[in-house]
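In what follows, a structure is listed as C-alpha cells, so that the remarks can point back to it.
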Amino acid sequence: MRKIQMKTPIVEMDGDEMTRILWRVIKDKLLLPHIDLKTEYYDLGLLYRNETGDAVTARAAEAVKRLGVGVKCATITPNRQRMEEYPQLTQMWPSPNATIRSILDGTVFRTPIVIDCIRPAVRNWERPITIARHAYGDIYKAAEMRTREPGECVMTFRGKSGREETLSVQSVPGPAIWQGVHNKESSIRGFARACFSYAVSMKQDLWFSSKDTISKVYDGCFKEIFEDEFRSFKSEFERLGITYFYTLIDDAVARVIRSKGGYIWACKNYDGDVMSDMVSVAFGSLAMMTSVLVSPDGEYEFEAAHGTVTQHYYKHLKGERTSTNPMATIFAWTGALRKRGELDGVPELTEYADRLEKACLDTLTSGIMTRDLVLLTEPGFNATAVSSDEFIETVASRLCRNAPL
Ligand code: NAP
Ligand code: MG
C-alpha cells in the first residue's frame with residue numbers, strides 16, 4: 001500500500017507519563033503504517049525541558065509560528081511534589097501550555113467528542129458546543145491586596161507621556177480585600193479575530209457573552225471590539241449563512257441549556273475556565289474533550305484537554321495494563337493532519353483524518369471502549385472495557401478494513 005505523502009511537516013511536541021506512552025502507540029499503530037509522516041520533533045517531556053532550561057518549549061512554539069500546525073502531548077507542569085519526585089529539576093518550570101499560549105497569543109477552543117451511546121446530561125443537546133476561551137489577563141494576571149484598617153483605595157495609571165489618571169475604587173470602614181485586573185486591547189482584538197476565523201472554518205454560529213451592563217467600561221470594551229472586528233467578517237458570515245450573536249453571560253447560560261448545541265461560545269478568561277469544565281462534564285468526560293489553540297495569525301496547535309493521567313502511569317510502570325482513553329490524543333493528531341492537509345492542498349491527508357476519526361467512533365459505537373467510558377454509557381448498552389492497547393489495535397484493524405481501494 002502506498003503511504004500518504006505530506007508536503008509540510010507538523011510540529012510534534014512530545015510529553016509526559018501515560019500520554020507519552022499512548023503517543024508512541026498511536027504513531028506506531030495508527031499513523032506510520034498509512035502516512036509518510038513528516039514532523040519536526042520537540043521533546044517537551046519534563047526532563048528534556050529541564051535539560052534545555054525550558055528553551056525547547058519556546059523553540060517548539062516558534063516552530064508552530066513558522067510551520068502553522070502543531071500537535072502536543074500532555075505535559076507535566078511541575079509543582080512542589082514534582083520537585084521531590086524529580087530531584088534533578090533545577091527550577092519549577094512554568095506550564096508549557098502557558099508559555100506556548102503567550103508566544104502564539106492564542107485563543108483556546110474546546111470541543112467534546114460526542115457519541116450516541118453516551119448521552120449528554122442536558123437531554124436536548126444534540127451537537128457539540130465549543131467553548132472559545134480568551135487566554136490572557138483578567139483575574140489570571142491580577143494584583144491583589146488585603147488591608148486591615150479603614151481607608152480608601154485609589155487606582156492610578158501612569159502614562160509613558162507622564163500623564164496620570166486616578167480613580168477612587170472605594171472607601172472602606174474596616175478590613176477589606178482588593179483586586180486590580182487588566183486586559184490589553186491587542187489581546188482582545190486577537191481573541192475576537194480568532195473566534196470569527198474559527199467560526200468561519202467550522203461554519204458554525206458564534207456567541208459571545210460578557211457582563212457589560214455591570215462592567216460598562218471593561219466588559220463594554222470587549223463587546224465593542226467584537227462588534228468592530230466583526231465588520232471584516234460580516235460578508236463571509238452572510239455567505240456561509242452563520243450568525244454572530246452577543247448576549248449577557250447569564251442570558252447565555254440559560255440559552256445554552258435550552259439549545260440543541262452546534263455553535264461556538266466565546267467566553268472571557270474566567271467564564272471560559274468555568275464553562276468549559278461544565279460543558280465537558282455535561283457532555284461526558286474530560287477524556288473526550290479536544291482542544292485547539294488558534295493564534296490571531298491563523299496558526300493551530302492541537303492537544304487533548306486532559307493531563308498526563310499520572311495514576312495510570314504509575315500502574316503502567318508496575319507492569320499493569322491500563323485502560324487509559326486515547327481518544328482526545330488521537331483526535332489531536334487527526335485535527336493537526338486535517339488542518340495540514342487543508343493548508344497544503346493534500347486531500348488524502350484530510351480524508352485520512354476523517355477515516356481515522358470514523359474508525360474510532362465506530363469502535364466506540366460497537367461497544368469497545370476504555371473503562372472510563374463504559375461507566376457513562378446509557379442503560380442497556382452493551383459495552384466491553386478494554387485496555388488502551390486493545391482499543392488502539394481494534395481501531396487499527398477497523399481502519400484497514402475501511403481503507404479505500
Ligand atoms: P489528568 O491527567 O487529566 O487526570 C485526572 C484524572 O482524570 C485521572 O486520574 C483519570 O481518572 C481521569 N482521566 C483523565 N484523562 C483520562 C484518560 N485519557 N483516560 C482515562 N481517564 C482519564 O489530571 P491531573 O491528574 O490533575 O494531572 C496530571 C498531570 O497532568 C499534572 O502533572 C498536570 O500538570 C498535567 N496536566 C497537563 C495538561 C496539559 O498538558 N494540557 C492539562 C492538565 C494537567 P481515574 O484515575 O479515576 O481513572
Ligand atoms: Mg480550569
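Both ligands and their constituent atoms are indexed starting at 1 by order of listing. On a predicted model such as this, the values are computed, not experimentally measured, just so you know. What's counted below: heavy atoms across the whole structure, side chains too, no hydrogens, waters or symmetry copies.
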Using residues 283-298 as the side-chain source, report each donor-acceptor pair under 3.5 Å to any protein atom, sequence neighbours left out, with the distance given to one decimal.
| residue | atom | partner | partner atom | Å |
| --- | --- | --- | --- | --- |
| Ser285 | OG | Ala287 | N | 2.9 |
| Thr290 | OG1 | Thr111 | O | 2.9 |
| Ser291 | OG | Arg110 | NE | 3.1 |
| Ser295 | OG | Asp297 | N | 3.2 |
| Ser295 | OG | Gly298 | N | 3.3 |
| Ser295 | OG | Glu299 | N | 3.0 |
| Ser295 | OG | Glu299 | OE1 | 2.5 |

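- Of the residues listed (Phe226, Phe233, Trp207), the one engaging Cys195 in a side-chain contact (heavy atoms from CB on, under 4.5 Å) is Phe226, and it is the only one.
- Of the inter-residue distances, the one linking Thr247 atom OG1 with Lys223 atom NZ reads 9.0 Å to the nearest 0.5 angstrom.
- Here Tyr136 pairs with His182 under the side chain to side chain donor-acceptor pair (under 3.5 Å) rule; sequence neighbours left out.
- The stretch residues 327-344 participates, sequence neighbours left out, in these salt bridge (Lys or Arg N to Asp or Glu O under 4.0 Å) pairs: Arg338-Asp354, Arg338-Glu357, Lys339-Glu342, Arg340-Asp344.
- Interatomic distance, Phe191 CZ to Phe222 CZ, rounded to the nearest 0.5 Å: 7.0 Å.
- Listed by chain and number, residues touching ligand 1 at under 4.0 Å (heavy atoms only) are Lys72, Ala74, Thr75, Ile76, Thr77, Arg82, Asn97, Ala287, Glu303, His306, Gly307, Thr308, Val309, Thr310, His312, Thr324, Asn325, Asp372.
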